[in-house]
Amino acid sequence: ANRHRNPPGRLRPQILDNLEVLVNQSDGSTKGSLWNLINKTHTPHGTRLLRGWLLRPLFKKSDIDRRSDAVAELSSGSAALCMVKATGHLKKANDLERLLARCHSMGCDDPSHPANRQVLYEGKTYTKNKVRDFSNLLKGLSQVDMLPNAFNECELSSPLLKNLLRRDTDGGCFPSMLEKLQWFKSNVNLEQAALGQFKPVEGTDAVYDETTADIGGIKADLEA
């Protein structure tokens, strides 16, 4: 039972309270807590990540040293200047985790999924909200895709940072998204779609193009 209440690697609630990790013991607020001291995050997903790190701290010395070296490098020298640029992109990236979750649920084909069982009485409004979320997701990913470029001017020494900021096409783990993002920018007018005006760009869908041509021909015949 204890195992289910306290997942592996997570600090027990008693320890969190005694050490005042998230809140203090006097009034239950964050004032004076470890969380209040170190939380300098700029994004919602960064805040959740840091909180998760506090709840599940590293215990292997090699992992601790690796993260410590990365933080130390980002705190001074040329990497710190590059980090300022990276922070600018991150601030414009919206809440990517939640947007990804929403868009994933929108595209779910499972009939048992709540999103597919609900009755939508405001279809147009609901559709606009979906397109708005998808548009914000694409804009956020476009900002994130520029993170490796923000560090082009500095020579990183931390192996962790090198791996995180090197694109997967170069042997790193940063996903290459530019080509896919460019496809959406070229083929989808998200501003019009968010207003409920859905019109695929010519060449995106052959059936739509053929139907549009037929309608145009019929209208011309009627005018004649």
Side-chain angles (χ1 to χ4, degrees), residues 42-49 82 85-153 163-224:
H42 296 286
T43 64
H45 39 282
T47 303
R48 288 192 293 270
L49 178 62
C82 293
K85 297 180 182 178
T87 302
H89 293 308
L90 289 171
K91 286 181 178 179
K92 300 176 183 177
N94 302 307
D95 193 340
L96 286 182
E97 283 184 330
R98 293 193 174 180
L99 288 172
L100 282 167
R102 287 178 192 168
C103 291
H104 177 72
S105 64
M106 292 173 199
C108 181
D109 294 328
D110 183 4
S112 64
H113 194 278
N116 293 326
R117 293 203 309 268
Q118 58 190 332
V119 178
L120 303 173
Y121 294 98
E122 297 183 351
K124 186 175 181 179
T125 301
Y126 179 71
T127 300
K128 285 173 62 176
N129 290 340
K130 290 201 300 183
V131 176
R132 181 196 61 210
D133 287 342
F134 187 63
S135 175
N136 288 334
L137 174 61
L138 292 178
K139 292 176 182 176
L141 291 175
S142 297
Q143 290 293 329
V144 170
D145 188 65
M146 290 187 278
L147 289 179
N149 298 339
F151 288 88
N152 284 342
E153 298 177 4
N163 189 41
L164 287 175
L165 294 169
R166 185 184 299 123
R167 298 187 186 274
D168 52 10
T169 53
D170 296 328
C173 66
F174 196 96
S176 300
M177 302 179 287
L178 185 59
E179 183 177 346
K180 292 182 175 63
L181 291 172
Q182 191 59 47
W183 185 91
F184 282 106
K185 290 181 180 179
S186 302
N187 293 280
V188 180
N189 189 325
L190 292 170
E191 283 71 20
Q192 287 187 3
L195 298 174
Q197 303 173 7
F198 300 96
K199 185 177 180 180
V201 177
E202 185 177 354
T204 304
D205 190 314
V207 176
Y208 179 85
D209 291 343
E210 183 179 347
T211 304
T212 302
D214 290 342
I215 293 175
I218 292 172
K219 285 184 177 180
D221 291 341
L222 289 171
E223 290 292 339

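We use all heavy atoms of the structure for the numbers below, so side chains are in, but hydrogens, waters and symmetry mates are not. All figures in this text were calculated on a predicted structure; none of them were measured in a lab.
- A search for salt bridge (Lys or Arg N to Asp or Glu O under 4.0 Å) contacts involving Arg166 returns nothing, not counting sequence neighbours.
- The minimum heavy-atom distance between Pro148 and Val144, with the atom names listed, is CD-O, 4.0 Å.
- Considering only residues two or more places apart in sequence or on other chains, Lys185 meets the salt bridge (Lys or Arg N to Asp or Glu O under 4.0 Å) condition with none of them.
- Residue Leu137 comes nearest to Leu96 through the heavy atom pair CD1-CD2, 3.9 Å, listed as atom of the first residue, atom of the second, then distance.
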Checklist line | Ile215 vs Thr212, side chain to side chain contact (heavy atoms under 4.5 Å, CB included): CA-CA, chis, key distance, verdict | finding: CA-CA 5 Å; Ile215 293 175; Thr212 302; 5.7 Å; no
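- Listed by chain and number, the residues in a side-chain hydrogen bond (donor to acceptor under 3.5 Å, both in side chains) with Thr87 amount to none (sequence neighbours excluded).
- Evaluation of the side-chain hydrogen bond (donor to acceptor under 3.5 Å, both in side chains) rule for Thr47 yields Thr41 as partners, not counting sequence neighbours.
- Residues passing the ring pair (Phe, Tyr, Trp, His ring centres under 6.0 Å) test with Phe134, sequence neighbours excluded: Phe184.
- Taking Asp95 as the reference, Arg48, Arg98 meet the salt bridge (Lys or Arg N to Asp or Glu O under 4.0 Å) condition, with sequence neighbours excluded.
- For Lys85, the side-chain hydrogen bond (donor to acceptor under 3.5 Å, both in side chains) criterion is met by Glu153, not counting sequence neighbours.
- Residues passing the side-chain contact (heavy atoms from CB on, under 4.5 Å) test with Thr169 are Arg167, Ser176, sequence neighbours excluded.
- Here Leu90 pairs with Thr43, Leu147 under the side-chain contact (heavy atoms from CB on, under 4.5 Å) rule; sequence neighbours left out.
- Pairs of residues two or more places apart, or lying in two chains, never qualify as salt bridge (Lys or Arg N to Asp or Glu O under 4.0 Å) while including a residue from residues 208-222.
- Qualifying side-chain contact (heavy atoms from CB on, under 4.5 Å) partners for Leu181, counting only residues two or more places apart in sequence or in other chains: Leu138, Leu141, Ser142, Asp145, Met177.
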